[in-house]
Amino acid sequence: MGVKFRNVGVIGKYMKKQIEHLKRVKNAVILAHYYAPAKVQEIADYVGDSFYLAKVAKQSDADIIVFCGVRFMGESAKILNPDKKVLMPDPSADCPMAHMVADGVIEGMRKRYDDLAVVCYINSTAELKCKSDVCVTSSNAVKIVKALPNKNIFFIPDKNLGSFVAKQVPEKNIILNDGSCPIHARITKEQVCAEREKYPDARILTHPECDAAVVALSDYVGSTAEIIDYAKQSMAKEFIICTEEGVDYRLMTDNPDKHFYFPHPHPCCADMKYNTVESVLAVLQKEDQEIIVDEEVRRLALLPLERMLGLAK
Ligand code: 13P
Ligand code: SF4
C-alpha cells in the first residue's frame, strides 16, 4: 500500500480512472520529474531525474508522451522522438536558466579557441543545443567532460554545475558562463549551517546547481536521482537536502524511518508546480498542448543529445 505524506492529498478516484483509461486507449505514457507535485508523481508511469527521463522518452514505444516537467524536458523528448506526440500539461512551465546564454557568446568563444567543445547542460533551449557539441545532465557531466578529447570546454548555461565539473576534472580548461538556477542560487551557506546547528548528525546532500560555498559544506553532491539513491543506501537517519523540495515525496516514501530537512525558505520551483493532475487529465483528453520543434532546429539539437546518450553509457 502506498504511504501518504504531507502534500499528497487523495487523488479523485474518478480522475485517476479517467487518466488510466485515456492512457490505455491512446497508448500514452506519463513522465514526471522529481520536482513535479507529489500527486503528479503518484500517477506517473516513470519518475526520475533529467537523464533518466530523456532515456525513457527515447526508448518508449508509446504514441503519446505526457511530460510533467519544464519546457526543455518536453522539448528534449520531442527532439529524440519526432514521430511521437509530446504533450505538456502546461507548456508555459519553463526553466529560466535554459535561456541564460547571451547572444554571440558561443560564436565568440569558438573564434578564441581552436579546439573548443561547447558542453551544454540539458537545462537549455533547443536553439542553444543546436550550437553545442554535446549535452550533459547533472548525473553524467563529469564523466562526459572527462571523455571529451578537447582541452578547452565552454560550459553553458550553469556556472555552478560548470564549476563543480571543473573541480572534478582539473586537467581541462573549463570556461564558465554567467547563468544559474534562481531556485538553487537562493540556497545559502548560512541557511544550510542553520539546519546543521539544529541537526548536527544530519548528512548534507546537495544538487550541483547550488553555489560553490554550499557544495563545499556537503557530504554528497549529485543529481536528484543520485541524492535519492544516496539517502536510501545510507545508514544515517537525518539529512539536510539542498535542492528543490519536490524530492521530499520520494525520499519520504522510500525511507519512512528517516528524516529530511530543507534549508529555509524551502527551495521551490514554481514552474514545476504548474503540472497538476487536473492538467494531465485535460491534456490527455484534448491533446492540445503539443510541443512542436522546428525540423531544422530538431535535427541540429539531436546531435548533442545523441552524443550524450552515447558517451554516458
Ligand atoms: P536533475 O537532472 O538532477 O533531475 O536536475 C534537473 C533540474 O532541473 C535541477 O534543477
Ligand atoms: Fe530550472 Fe532551477 Fe527549476 Fe531546475 S529548479 S527546472 S534548474 S529553475
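Keep in mind that what you see is a predicted model, and the values were worked out from it rather than measured. Just the heavy atoms: all of them, side chains too, but no hydrogens, waters or symmetry mates, feed the values below. For the single chain, residues carry numbers from 1 onward in sequence order. Just so you know, ligand 1 is whichever comes first in the structure, and atom 1 is the first atom listed for that ligand.
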Visitor: With heavy-atom distances below 4.0 Å as the criterion, list the atoms of ligand 2 near Y35.
Guide: 4 (Fe), 5 (S)
Visitor: Show which atoms of ligand 1 fall inside a sub-4.0 Å distance from at least one heavy-atom site of S223.
Guide: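 This gives 3 (O) as the contact atoms.
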Visitor: Quick one: which ligand 1 atoms are inside 4.0 Å of a heavy atom on S50?
Guide: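 The list of qualifying atoms is 1 (P), 2 (O), 4 (O), 5 (O), 6 (C).
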Visitor: With heavy-atom distances below 4.0 Å as the criterion, list the atoms of ligand 2 near I183.
Guide: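 What qualifies from ligand 2 is 8 (S).
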Visitor: Ion pair present between K129 and E75, side-chain N to carboxylate O less than 4.0 angstrom?
Guide: no
Visitor: Does the plane of the ring in Y230 sit parallel, tilted or perpendicular to the ring in F239? Use 30° and 60° as the thresholds.
Guide: perpendicular
Visitor: Which residue is it: K23, K17, Q18? I am looking for the one with a side-chain contact (heavy atoms from CB on, under 4.5 Å) to E20.
Guide: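 That would be K23; it is the only one of K23, K17, Q18 passing the side-chain contact (heavy atoms from CB on, under 4.5 Å) with E20.
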Visitor: Relative to the heavy atoms of C181, which atoms of ligand 2 are at a distance of less than 4.0 Å?
Guide: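 Those qualifying, in numeric order: 2 (Fe), 5 (S), 7 (S), 8 (S).
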Visitor: At under 4.0 Å between heavy atoms, is it the side chain or the backbone of T137 that contacts ligand 1, or both, or neither?
Guide: neither
Visitor: Kindly work out whether a path of hydrophobic side-chain contacts (I/L/V/M/F/W/Y, heavy atoms less than 4.5 Å apart) joins I156 to M308.
Guide: no
Visitor: Less than 4.0 Å between a side-chain N and a carboxylate O, is that true for D63 and K85?
Guide: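 Judged by the 4.0 Å cut-off on N to carboxylate O distance, K85 and D63 do not form a salt bridge.
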Visitor: Taking 4.0 angstrom as the limit and counting only heavy atoms of S138, give me the atoms of ligand 1 inside it, by number and element.
Guide: 1 (P), 2 (O), 3 (O)
Visitor: What's the shortest distance from atom 3 (Fe) of ligand 2 to any protein heavy atom, and which residue and atom give it?
Guide: C269 SG, 2.4 Å
Visitor: Is D271 close enough to touch ligand 2? Criterion: a residue heavy atom under 4.0 Å from a ligand atom.
Guide: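 Heavy atoms of D271 never come under 4.0 Å of ligand 2.
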Visitor: What atoms in ligand 1 come closer than 4.0 Å to a heavy atom of N123?
Guide: 7 (C), 8 (O)
Visitor: Consider ligand 1: state whether an atom of it lies below 4.0 angstrom from any non-hydrogen atom of C181.
Guide: no
Visitor: At the 4.0 Å heavy-atom cut-off, does Y35 count as touching ligand 1?
Guide: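 For ligand 1, residue contact (heavy atoms, under 4.0 Å) with Y35 is present.
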Visitor: Just checking: C95, one of its N/O/S atoms, less than 2.8 Å away from atom 2 (Fe) of ligand 2, yes or no?
Guide: no
Visitor: Assess whether salt bridge (charged side-chain N to carboxylate O under 4.0 Å, His left out) is satisfied between R110 and E107, documenting all intermediate values.
Guide: CA-CA 5 Å; R110 286 208 191 270; E107 293 77 2; over 6 Å; no
Visitor: Is it true that K198 and E238 have a side-chain N and a carboxylate O under 4.0 angstrom from each other?
Guide: no
Visitor: Applying the side-chain contact (heavy atoms from CB on, under 4.5 Å) test to L148, which of I153, D133, V169 qualifies?
Guide: I153
Visitor: Counting from 1, what ligand 1 atoms have a heavy atom of H207 closer than 4.0 Å?
Guide: 1 (P), 3 (O), 5 (O), 9 (C)
Visitor: For D49, take its heavy atoms, then give the atoms of ligand 1 lying under 4.0 Å from any of them.
Guide: 1 (P), 2 (O), 4 (O)
Visitor: Would E209 count as a contact residue for ligand 2, given that I'm defining contact as a non-hydrogen atom of the residue lying under 4.0 Å from a ligand atom?
Guide: yes
Visitor: Taking only heavy atoms of H33 into account, list the atoms of ligand 1 that are under 4.0 Å away from them.
Guide: 1 (P), 4 (O), 5 (O), 6 (C)
Visitor: Considering E209, M73, H184 one by one, which has a heavy atom nearer to atom 7 (C) of ligand 1 than any of the others?
Guide: E209
Visitor: Begin from the C-alpha positions of D94 and H99 and carry the test side-chain hydrogen bond (donor to acceptor under 3.5 Å, both in side chains) through to its verdict.
Guide: CA-CA 10 Å; D94 199 7; H99 306 265; 2.7 Å; yes
Visitor: Would you mind checking if R299 and E296 are paired as a salt bridge, meaning a charged N to carboxylate O distance below 4.0 Å?
Guide: yes
Visitor: Taking atom CD1 of I43 and atom CD1 of I19, what is their separation to the nearest 0.5 Å?
Guide: 4.0 Å
Visitor: Which atoms of ligand 2 are found less than 4.0 Å from any heavy atom of P96?
Guide: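 Checking each atom against P96, I get 8 (S).
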Visitor: Relative to each other, are the rings of H33 and Y35 parallel, tilted or perpendicular (30° and 60° limits)?
Guide: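 Ring orientation, 0 to 90° scale: perpendicular.
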